[in-house]
Amino acid sequence: MGHPPHLRGAFVKPPTADSVTTSFRHRYGASPLHLILVLASFALACYAGLRLLRGDALGVAVWFVGAALLHDLVLLPLYAVTDLGVQRLLGHGAREGTAKPLIGVNHVRVPAFVSGVLLLVYWPLVLGRVGHFTITTGLPADVFLGRWLLITACLFAASAAVLAVNLRNGGRDASKARARARARRAARAPRRRNDH
């Protein structure tokens with residue numbers, strides 16, 4: 001039955017752009033734009049690395065190895081223990097064995113991470129080891145610590161404000177969900193009485 005063998009392929013629809021994208025997304029796990037952006041970022045990183053190594057290859061290699069060792073042996077254990085402490089502090093009310101999300105943890109993690117990155121990048125200025133940077137920045141050496149502390153305080157204040165809004169909206173959503181659940185139970189109760 002069906003079409004003769006020489007006509008079967010004639011009625012197959014050609015693939016559309018949408019089906020090709022869906023097939024690609026299924027195989028790759030993300031859109032083609034994601035792959036293009038990842039490849040572009042790798043190309044940019046390779047270009048920057050080649051430009052960086054052109055000046056002092058040995059110094060750059062020592063700096064990368066030292067930074068990796070400092071991160072893996074000192075900084076990673078330090079902020080892992082700090083994060084665990086924050087989780088225990090903010091989640092001490094959660095019962096053991098429950099999957100209750102720790103709402104405030106990310107509101108501490110994000111500003112601490114941004115502040116830490118700023119300190120890591122600008123530590124000579126923040127710690128007053130300005131030296132030849134004074135000519136470049138045009139600012140006195142004693143302003144950077146205060147500005148870094150102010151930025152850190154603003155980051156934590158903004159994060160606390162976002163947390164407060166989220167908790168207020170979450171409380172409203174929770175009360176609405178409880179009201180809907182009560183309404184559903186109340187709607188089911190007369191049916192059960194009528195069934196008996």
Side-chain angles (χ1 to χ4, degrees), residues 29-31 33-49 51-52 59-96 98-177:
S31 70
L33 180 61
H34 180 270
L35 178 61
I36 291 169
L37 291 175
V38 166
L39 293 175
S41 68
F42 281 140
L44 182 63
C46 287
Y47 172 74
R51 292 290 303 248
L52 188 64
V60 170
V62 167
W63 185 85
F64 270 116
V65 170
L69 289 175
L70 175 69
H71 176 267
D72 291 349
L73 298 178
V74 177
L75 295 178
L76 181 64
L78 180 66
Y79 55 72
V81 167
T82 305
D83 185 61
L84 184 62
V86 169
Q87 287 185 39
R88 293 246 169 106
L89 179 70
L90 295 177
H92 80 95
R95 288 175 282 139
E96 292 298 322
T98 61
K100 180 183 176 186
L102 303 176
I103 296 170
V105 172
N106 284 340
H107 292 277
V108 175
R109 282 178 183 159
V110 172
F113 173 75
V114 174
S115 175
V117 168
L118 288 173
L119 179 62
L120 187 64
V121 171
Y122 297 108
W123 70 269
L125 299 173
V126 171
L127 299 180
R129 307 207 188 292
V130 177
H132 64 280
F133 293 114
T134 306
I135 297 168
T136 306
T137 62
L139 296 170
D142 59 350
V143 300
F144 297 105
L145 176 61
R147 290 181 180 187
W148 176 74
L149 290 172
L150 180 63
I151 290 171
T152 300
C154 289
L155 287 169
F156 276 97
S159 183
V162 170
L163 176 62
V165 169
N166 286 344
L167 287 175
R168 192 181 78 205
N169 290 342
R172 285 184 193 160
D173 293 343
S175 64
K176 287 178 185 176

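Basis for what follows: all heavy atoms, side chains included, without hydrogens, waters or symmetry-related copies. This chain uses plain numbering: 1 for the first residue, then up along the sequence.
- Remark: L37 CG to S31 OG distance equals 8.0 Å, nearest 0.5 Å.
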Donor-acceptor contacts, no H, no angles, side chain residues 61-76, under 3.5 Å, sequence neighbours left out:
| residue | atom | partner | partner atom | Å |
| --- | --- | --- | --- | --- |
| H71 | NE2 | Y79 | OH | 2.4 |

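- Partners of R109 by side chain to side chain donor-acceptor pair (under 3.5 Å), not counting sequence neighbours, listed by chain and number: D83, N106.
- For residues 103-130, no pair satisfies ring-ring contact (aromatic ring centres under 6.0 Å, His included), with sequence neighbours left out.
- Every residue two or more places apart in sequence or in another chain that forms a side-chain contact (heavy atoms from CB on, under 4.5 Å) with A30 is listed here: Y28, H34.
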Under 3.5 Å, which donor-acceptor pairs do the side chains of residues 141-155 form with other protein atoms, sequence neighbours left out?
| residue | atom | partner | partner atom | Å |
| --- | --- | --- | --- | --- |
| W148 | NE1 | S115 | O | 3.1 |
| T152 | OG1 | S115 | OG | 2.7 |
| T152 | OG1 | W148 | O | 2.9 |

